[in-house]
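To start, the structure itself, in structure tokens.
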There are 2 protein chains.
Amino acid sequence: MAGSIWLRRERTGRGPVPEHSRAEITAVAVALADADGLAAVSMRKVAAAIGTGPASLYRYVDNRDELVELMADAVIGEIDLDRPPSDDWLADLVALAHAIRGVYRRHRWLLDVVPGRGLGPNTVDVMERALAAMSVLDVPAATKMETFALLNATVVLLVRTEAAVPDPTGEYARAHVEFLASVAAAGGHPHLAAALADPRPAPDPGEDLVDRVLPRVLAGLLDTTRRTR
Amino acid sequence: MAGSIWLRRERTGRGPVPEHSRAEITAVAVALADADGLAAVSMRKVAAAIGTGPASLYRYVDNRDELVELMADAVIGEIDLDRPPSDDWLADLVALAHAIRGVYRRHRWLLDVVPGRGLGPNTVDVMERALAAMSVLDVPAATKMETFALLNATVVLLVRTEAAVPDPTGEYARAHVEFLASVAAAGGHPHLAAALADPRPAPDPGEDLVDRVLPRVLAGLLDTTRRTR
DNA sequence: CATTTTCTGCGAACGCTGATCGCAGAGGAG
DNA sequence: CTCCTCTGCGATCAGCGTTCGCAGAAAATG
């Protein structure tokens, strides 16, 4: 009831044995979100999917936000942390970012989860890995925490931009360019008109956007104090 | 009905004169969001605030998402674009980022608006300004568009991180550190434990996080092709 | 001016949501 | 063996976005 779900034991020992578990509920919810998006994850649908009434879920979770927290941490757990870190802290962080991006690509609903919340055990494990990579850096721990947050935010940023342009034939994209064209045609936006007339495509950012952008973002946060111990 | 709201005229000329306007509805909705967050902006509450029934709003807007789109573009319109651009494109972009950050700080609910959507007239004006600043750069227009998107995303990123740590005494932050401490105490996370034991505060990022981070982010996108014409 | 057409305001309603309450019953704790 | 706590869950509440249909106003049309 009080405090975060990660500090609450799943079972106190008293009373009858629960018929389900957080893990089962979380798996079902993740499957639902993978199929139909985060909005499709309603307490009722999840309950129906595990074969109980709509109210039973509240025996395992205080509210829907907690369920989402479980989901987010569960998919973060897909990240493989077995390979040991190298001696290149930046390369390790970039590799971590790639792994995180993989999670976002596999579970696009994760983009809709409000960040800042949710810091479950799997997320802490990833954080531990990031701190390990940065252990050679002689900066305050708070800065390393910020760096980790910035790394995550950057991955979200890049995944979002790559998800924003996928279907130029879609209904929304069509209305989008139509509006831009009408504004340009109305005059008063010379640079926009020129931009729309430029046929050159952007150089394919491809697979390496993380490699190109992330090091500079991290440098922006670390450069004033970067020192190798 | 079809297409984006920006391509639909507010009034066709036929029929009785509407008692309200998009601008009035938008202003009321923004005030509601400023006071109680985006979730408090329900069609019913907005309708009640302007003194009509719950269904009347649909005469002005197709659905709630369109209303949010109006809101987002309206507050972007607060950005002052009167001052002419300088001859330093990067400084101009950074100044623009500061202005955008100001909007996000004044209307924190904007963080909850799903990005990628919404590209109203005010947003196009800001985009025109960004393109004007970048007119001296000899890169494809598509790259400039991406740069503008990345600029916006970076601002969101920075505002979010600065909003994530505001109140260490809050309920959520308390449970947060409590959980981290319990994980560290359980062992197995040496770097986390060391980080929690580090008393040094982060060097105050202060007002200049945008100035420090943004130029590097933009460089990450532009450096392969950056040339001044 | 009269008619037609189109739009407005809005009460009522539908289906869905997250969440609460209370009750019957199961099963460890002492 | 008794108690006390916990479980499943039907019933229920308040709120949500959205749709429908109708009465009536006003511009366009003849």
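Both backbone and side-chain heavy atoms feed into the values below; hydrogens, waters and symmetry mates do not. Protein chains get the first letters and strands the later ones, always in sequence-line order, with residue 1 at the start of each.
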inquiry  = I'd like to know if the side chain of E69(A) reaches the main chain of I5(A), judged simply by a donor and an acceptor atom lying under 3.5 Å from each other, with no hydrogens or angles considered.
reply    =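 Such a contact is absent between E69(A) side chain and I5(A) backbone.
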[options]: which one has an atom nearest the side-chain heavy atoms of [X]?
| X | options | value |
| --- | --- | --- |
| R59(A) | dA19(C), dG9(C), dC23(C) | dC23(C) |
| R14(B) | dG17(D), dT6(C), dG8(D) | dT6(C) |
| E19(B) | dC10(C), dG9(C), dG8(D) | dG9(C) |
| Y58(B) | dA26(C), dG17(D), dG8(D) | dG17(D) |
| A55(A) | dT20(C), dT19(D), dC10(C) | dT20(C) |

Please name the pair of heavy atoms, one in [X] and one in [Y], separated by the smallest distance, quoted to 0.1 Å.
| X | Y | answer |
| --- | --- | --- |
| R44(B) | P54(B) | CG-CB, 4.0 Å |
| N63(B) | M43(B) | C-CE, 4.2 Å |
| A40(B) | L32(B) | O-CD2, 4.3 Å |

Residues in contact with DNA chain D, drawn from residues 22-46 of chain B - heavy-atom cutoff 4.0 Å =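 By residue number: V41(B), S42(B), M43(B), R44(B), K45(B).
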Starting from [atom2] on [N], measure out to [atom1] on [X] and report it in whole angstrom.
| X | N | atom1 | atom2 | value |
| --- | --- | --- | --- | --- |
| L57(A) | dG18(C) | CG | P | 10 Å |
| D65(B) | dC16(D) | CG | P | 16 Å |
| E10(B) | dT6(C) | CD | P | 21 Å |
| D62(A) | dG18(C) | CG | C1' | 13 Å |

ask   = Can you tell me if the side-chain N/O atoms of Y60(A) get under 4.0 Å from OP1 or OP2 in dG8(D)?
value =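 The answer is yes; a side-chain N or O of Y60(A) sits under 4.0 Å from OP1 or OP2.
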inquiry  = Is the phosphate of dG9(C) approached by T52(B) (side-chain N or O, under 4.0 Å from OP1 or OP2)?
reply    =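 Looking at the OP1 and OP2 atoms of dG9(C), neither is under 4.0 Å from any side-chain N or O of T52(B).
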inquiry  = Nearest heavy atom decides the nucleotide; on that basis, is P16(B) or P54(B) closer to the 5' end of DNA chain D?
reply    =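 It is P54(B), whose closest nucleotide lies nearer the 5' terminus.
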key: M71(A) side chain near L38(A) side chain, heavy-atom distance below 4.5 Å   =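 SC-SC contact between M71(A) and L38(A) confirmed.
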message = One thing to verify: whether K45(A) and D36(A) come together as a salt bridge, which I'm taking to mean a side-chain N less than 4.0 angstrom from a carboxylate O.
response =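 Salt bridge: no.
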ask   = Are any of the side-chain nitrogens in K144(A) or D198(B) under 4.0 Å away from the carboxylate oxygens of its partner?
value =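 Salt bridge: no.
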